[in-house]
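Order of the sequence lines fixes the chain letters, A, B, ..., with proteins taken first and strands second; residue numbering starts at 1 for each chain.
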Number of protein chains: 2
Amino acid sequence: MANITPEDAFLNDYDPAAFDRPSVAVDLVLLGIHAGRLSALLVERDQPPQAGRWALPGGFVGIEESLDAAAIRVLRDKAGLADAHLEQLYTFGAIDRDPRMRVVSVAYLALLTEDAVAPASTGARITPAAIDGDPLVATRADGEDLPLAFDHAAILTRARDRLRGKIDYSDIAFAFLPPAFTLRALQEVHEAVLGTRLNKPAFRRRMLDRVVGGRRLVATGMREADASHRPAELFRLA
Amino acid sequence: MANITPEDAFLNDYDPAAFDRPSVAVDLVLLGIHAGRLSALLVERDQPPQAGRWALPGGFVGIEESLDAAAIRVLRDKAGLADAHLEQLYTFGAIDRDPRMRVVSVAYLALLTEDAVAPASTGARITPAAIDGDPLVATRADGEDLPLAFDHAAILTRARDRLRGKIDYSDIAFAFLPPAFTLRALQEVHEAVLGTRLNKPAFRRRMLDRVVGGRRLVATGMREADASHRPAELFRLA
DNA sequence: AAAATAGTGTCTTTCAGACAGTATACA
DNA sequence: TGTATACTGTCTGAAAGACACTATTTT
């Protein structure tokens with residue numbers, strides 16, 4: 001072990017500028033709860049290859065731009081969103097994932113509130129689609145299953161799995177909600193992400209007892225406005 | 001497939017071939033349990049920049065090589081290891097993380113058994129170092145704290161956090177162990193990763209009841225060989 | 001026999017699921 | 001007053017922590 005091999009010497013003198021390099025891109029998985037279902041914002045491709053298929057919004061990373069900065073730029077310029085919870089998801093680097101050229105794509109997870117997902121209406125070039133099933137299927141509000149471009153079904157699957165894995169022990173669920181929210185809304189977020197129904201008293205207890213990152217749920221004393229029956233209390237994270 | 005034109009690009013008005021691209025590299029976080037502590041294999045840099053500092057083994061990704069293939073190649077050629085549990089960790093893309101050029105580095109986690117970590121002895125160019133504390137410190141077996149190169153302390157920190165987050169609900173602990181192992185060895189892996197002591201009866205119950213990925217612990221009927229007192233039974237995952 | 005670790009039985013606490021009940025708002 | 005939903009009390013069962021005990025092997 002630890003001998004200096006010819007490969008070591010070669011790599012020490014390796015000049016990457018002399019070789020072709022992959023392009024580096026970011027792709028954004030924009031997720032929100034829409035009509036009670038976990039949904040992604042997808043963009044219809046209008047150019048070949050894969051014209052007519054639906055893709056994640058993305059863009060190439062500039063030579064003087066960090067990965068995070070590129071993700072923020074795509075969020076703003078391609079999705080028209082000023083702000084969202086953004087976290088890096090996974091990097092996809094299969095040789096043939098894009099038929100035009102070698103592209104290594106760093107996927108980001110962006111979590112949106114319901115009012116950020118809804119304006120992208122069905123029929124437009126960017127639309128929310130419920131993601132469900134295994135293998136994953138993206139279904140638009142009109143019931144149409146949208147064909148996905150490139151390896152984007154794999155990216156969406158990994159995004160959903162990440163979300164399911166983290167929701168129980170992190171504060172990501174709150175990224176889907178406005179600053180003040182009802183416990184029912186929080187439960188609906190959990191149910192949409194996990195794809196299961198949850199027990200209400202146990203859920204309430206767990207959420208009210210829980211401390212995540214030094215923060216916990218506190219009652220605001222205010223109540224939801226538009227309920228047709230008894231309005232629930234609004235909580236916030238503090 | 002269609003002609004490759006600038007219009008084919010993800011962003012209609014952006015031709016990546018016309019711009020400088022970052023280099024893409026992989027860095028390997030080689031982790032194992034050494035002397036009861038979670039330890040990483042580090043390589044001493046013998047060239048500037050940062051000569052004398054300790055780095056993760058890494059290498060550039062070839063234009064016709066997937067990220068996973070590059071990680072396997074580095075594992076073999078730079079670390080001299082034929083096989084290990086390999087999983088992608090995170091991609092580091094700050095603009096100035098390498099002073100020589102723009103490098104986007106995809107970090108991989110590689111988990112090794114004790115006999116793969118141990119041969120790299122203290123004093124050699126590649127050495128195991130216990131990683132502990134917050135901020136993270138890498139300590140060689142002789143007690144020396146090793147200065148880390150570039151952003152590799154941040155990479156190691158993220159590797160440790162990933163491990164701690166996954167050990168309770170995945171089978172990664174077994175990647176540190178040979179095919180047959182005692183329950184005490186398994187508990188020592190958990191304790192080294194989490195940095196805490198665990199309750200023995202509860203740990204045994206949990207492990208023997210647990211089913212992860214359709215597999216569970218089964219007794220082999222064999223016992224450990226070199227114990228100076230009552231030898232423990234060997235288990236395997238099946 | 002002594003020493004040391006393997007392995008188990010059991011008590012207690014904690015917490016989630018289930019279910020039924022009370023409270024409060026709107027029609 | 002009816003109805004729908006918010007919110008809570010309590011029972012039960014599952015699982016973890018703590019601790020003490022028995023079992024088995026080497027020296």
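Nearest heavy-atom pair, B:Ala129 versus B:Leu146, reported as atom, atom and distance to 0.1 Å: CB-CD1, 4.0 Å. Between A:Pro147 and A:Gly52 the shortest heavy-atom distance is CG-O, 4.3 Å. Scanning all heavy atoms of the two residues, the minimum distance from A:Arg125 to A:Trp54 falls at O-CZ3, 3.4 Å.
Here A:Arg223 lies in heavy-atom contact (under 4.0 Å) with sugar-phosphate atoms only.
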Q) Given A:Ile172 and A:Val193, is the side-chain contact (heavy atoms from CB on, under 4.5 Å) satisfied, shown in steps? A) CA-CA 11 Å; A:Ile172 48 166; A:Val193 168; over 6 Å; no
Between protein and nucleic acid, restricted to nucleotides 19-23 of chain D and to nitrogen or oxygen atoms under 3.5 Å apart, what atom pairs and distances do you find?
| unit_1 | atom_1 | unit_2 | atom_2 | d |
| --- | --- | --- | --- | --- |
| D:dA23 | N3 | B:Arg230 | NH1 | 2.6 |

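Straight-line distance from the CG atom of A:Asp209 to the P atom of C:dA16: 8 Å, rounded to whole Å. Atom NE2 in B:His229 sits about 12 Å away from atom C1' in C:dA6, given to the nearest Å. Atom CZ in B:Phe203 sits about 17 Å away from atom P in D:dA15, given to the nearest Å. A:Tyr169 places its OH atom 20 Å from the P atom of C:dC15, with the value rounded to the nearest Å. Atom pair A:Phe181:CZ and D:dA6:C1' shows a separation of 16 Å (rounding to whole Å applied). Nucleotide C:dA16 holds its C1' atom 17 Å from the CZ atom of A:Arg197, rounded to whole Å.
For the side-chain contact (heavy atoms from CB on, under 4.5 Å) with B:Arg164, the qualifying choice from B:Arg162, B:Arg160, B:Lys166 is B:Arg160, the only one to do so. The side chain to side chain donor-acceptor pair (under 3.5 Å) test with A:Gln187 singles out one residue from A:His190, A:Arg184, A:Glu191, and that residue is A:Glu191.
Ranked by how close their nearest DNA chain C nucleotide is to the 5' end, B:Thr182 and A:Ala202 are led by B:Thr182. With the nearest nucleotide of DNA chain D identified for both B:Ala227 and B:Leu198, B:Leu198 has the one nearer the 5' end.
Side-chain N/O atoms of B:Arg205 and base N/O atoms of D:dG17 include a donor-acceptor pair closer than 3.5 Å.
Put simply, CD1 on B:Ile155 and OG1 on B:Thr91 are 10.0 Å apart, with the number rounded to the nearest 0.5 Å.
Out of C:dA6, D:dC7, C:dA25, the shortest distance to the side chain of B:Arg184 is found at C:dA6.
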